[in-house]
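Below is one structure, written out as structure tokens, with a few remarks after it.
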Amino acid sequence: MGDGETPRGGDDRELAFAGIARQAELIRAGEVSARELTELYLARIDRLGGELNCFTTVLGERALAEADQADARRAAGEDRPLLGVPVAIKDNVDVAGTVTTLGTAAHGPAATHDAELVRRLRAAGCVIIAKTTLPELAIMGTTEGPAFGVTRNPWDLDRTPGGSSGGSGAAVAAGLVGVGHATDGAGSIRIPAACCGLFGLKPQRGRIPLAPDPEDHWNNLSVAGAVTRGVLDNALFLDAVAGPGPAPGGPPLERPFADAARETPGRLRIAISLRPPLLARVAPEVRRGIDETADLLRSLGHDVAYAEPPLTEWLSEVLPRYLKGIEADAARVARPDRLARRTRGFARLGAAIPQAALDRALRIEGKIAERYNSILADRDVLVTPTMATPPPRADQWEGLSALRTMVEMPMVYPYCVIWNATGQPAAAIPAGFTADGLPLSAQLVAAPGRDHLLLSLAAQMEAERPWADRTPPLS
């Protein structure tokens with residue numbers, strides 16, 4: 001290949017943004033090969049990836065070899081759900097033969113085995129094309145740090161793609177890959193989706209194994225998922241990786257996620273809330289996006305009412321779990337002395353929290369979930385902003401202390417971490433754009449175990465108000 005694209009010509013851009021559901025169909029039908037698709041993405045990564053700084057590792061020749069294997073399997077009549085489809089993995093998950101950096105310079109040698117999620121993606125036929133950037137130890141709501149620099153948003157290079165799965169968000173939004181793996185311990189699937197005009201579902205806790213990380217990572221705040229352009233794309237990813245893992249537990253799946261994304265929900269009772277937790281202030285354009293989302297839901301026949309859920313008292317219930325989780329992660333890295341000053345500060349904040357405070361936060365989880373879910377006693381879905389503001393600057397908290405960062409981040413991202421504490425599903429869905437062309441986002445929350453309902457509702461909203469046909473300036 002030469003300086004930019006594969007020989008497919010005018011179809012290249014359409015294919016790059018097609019989404020993994022369509023890409024899998026095209027490969028299955030023989031209309032495009034896995035190698036052609038992988039070459040297309042590698043060319044786009046070569047052209048745009050440096051400006052976005054969204055990858056820690058690009059697995060060029062290795063990905064092409066995997067694509068050739070996928071094409072050989074298809075030629076032999078083998079069928080897998082995502083055969084030959086490229087996927088990017090957030091660099092806090094092991095891919096055999098590559099270093100798992102956790103966004104730091106404190107890592108050890110290359111991983112010798114794939115993480116369970118990566119193993120499942122390979123079994124579904126995926127091609128692992130790259131690993132994406134994240135802030136150190138996945139702490140931040142922006143994606144920057146001394147080890148890899150600042151990751152930027154393709155909608156506006158001065159803005160962040162969010163965090164901690166910001167590299168995945170930027171890559172998918174810019175058409176450098178069709179799906180980006182993401183993890184979410186305090187909003188890190190939903191925030192990048194919101195910043196980048198994408199869809200992201202934080203599934204019910206336990207749906208997807210975290211191994212070799214502990215299944216109670218960050219004291220039961222963490223889950224895994226993906227950011228995608230379309231709802232069905234996300235559902236297909238989840239179907240490939242969901243199910244009981246090596247550790248016991250995890251709710252059984254009643255039916256495939258993709259089935260839900262292809263269905264229309266019945267008439268739902270939906271609560272809309274604009275009141276932010278804590279002292280955050282909601283930007284006028286964010287309010288407009290939520291009001292327009294409420295109008296959309298009414299037009300679809302749903303019963304929509306504004307309400308005020310009890311979401312203001314969560315610091316003592318969540319903060320010990322978050323900070324003690326960071327403390328544990330910092331202690332596990334191979335070279336803790338190489339962690340950034342701010343990261344070490346977060347670890348010290350965690351060490352200052354008594355074990356009794358963590359024990360209490362875990363012990364009362366059921367009570368806080370009951371309180372937060374009282375709004376869903378007579379409503380099927382709660383809608384809030386995903387963020388209180390449009391995407392902040394890419395370097396919004398660069399160079400600040402841990403304490404100041406921790407105080408300022410909830411003013412931008414106050415709505416997400418509550419639902420990590422309860423473990424129930426929550427999704428970010430595009431909700432229009434600001435006057436400057438920055439994405440807006442709404443958060444959809446359902447009762448525990450009702451991931452399928454969120455997928456059905458999101459797919460209905462997507463069909464009525466499509467967003468995937470609009471692409472960023474840098475794409």
Side-chain angles (χ1 to χ4, degrees), residues 53 56 90-92 100-108 133-151 160-167 183-188 191-192 213-214 216-222 277-280 314-362 387-388 392-414 416-417 420-421:
N53 189 34
T56 61
K90 183 177 176 180
D91 201 4
N92 61 346
T100 304
T101 71
L102 300 170
T104 76
H107 56 78
T133 51
L134 68 155
E136 288 204 346
L137 304 187
I139 294 171
M140 300 284 296
T142 55
T143 298
E144 49 87 359
F148 295 99
V150 179
T151 299
T160 183
S164 64
S165 309
T183 59
D184 191 319
S188 293
I191 291 167
D213 282 339
D216 63 349
H217 184 253
W218 272 19
N219 302 297
N220 276 329
L221 295 179
S222 294
L278 304 176
L279 301 176
W314 55 264
L315 274 180
S316 65
E317 302 156 345
V318 179
L319 202 58
R321 296 166 68 173
Y322 168 71
L323 289 175
K324 295 298 276 187
I326 294 170
E327 178 195 6
D329 278 357
R332 280 196 293 264
V333 298
R335 295 291 303 273
D337 57 300
R338 293 184 178 178
L339 291 171
R341 176 181 61 86
R342 181 177 58 198
T343 305
R344 296 196 301 272
F346 271 100
R348 286 194 297 271
L349 290 172
I353 293 176
Q355 182 64 34
L358 174 61
D359 293 342
R360 175 186 177 274
L362 293 170
M387 298 164 49
R393 296 193 320 273
D395 58 353
Q396 181 86 4
W397 297 289
E398 187 177 25
L400 299 187
S401 69
L403 182 60
R404 183 173 171 187
T405 301
M406 189 179 67
V407 169
E408 291 189 11
M409 278 199 301
M411 299 301 102
V412 179
Y413 311 123
C416 289
V417 70
N420 293 82

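Every value quoted in this text rests on a predicted model; they were computed, and no experiment measured them.
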Determine whether L102 and D91 satisfy the following criterion, side-chain contact (heavy atoms from CB on, under 4.5 Å), listing intermediate values before the conclusion. CA-CA 6 Å; L102 300 170; D91 201 4; over 6 Å; no
Heavy-atom distance under 4.5 Å between the side chains of [X] and [Y], does that happen here?
X	Y	value
N420	D184	yes
E136	F346	no
L362	R321	yes
R360	S316	yes
T104	R335	no

| Side-chain (R344) to main-chain (L339) donor-acceptor, under 3.5 angstrom |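 Looks like yes, one N/O pair under 3.5 Å.
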Does R332 CZ have over 12 foreign heavy atoms under 6.0 Å away?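 Yes, the 6.0 Å shell around CZ holds more than 12 heavy atoms from other groups.
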Might you work through the side-chain contact (heavy atoms from CB on, under 4.5 Å) test for L137 and V333, ending with a clear yes or no? CA-CA 9 Å; L137 304 187; V333 298; 4.0 Å; yes
Looking only at side-chain N and O atoms, does T56 offer a donor or acceptor that is under 3.5 Å from a partner on T101?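 Short answer, no.
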Between V412 and M387, is the side-chain contact (heavy atoms from CB on, under 4.5 Å) condition met? List the steps. CA-CA 6 Å; V412 179; M387 298 164 49; 4.2 Å; yes
**Message:** Any salt bridge linking E144 with R393? Criterion: basic side-chain nitrogen under 4.0 Å from a carboxylate oxygen.
**Reply:**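 Between R393 and E144 there is no salt bridge, as every charged N stays at least 4.0 Å from the carboxylate O atoms.
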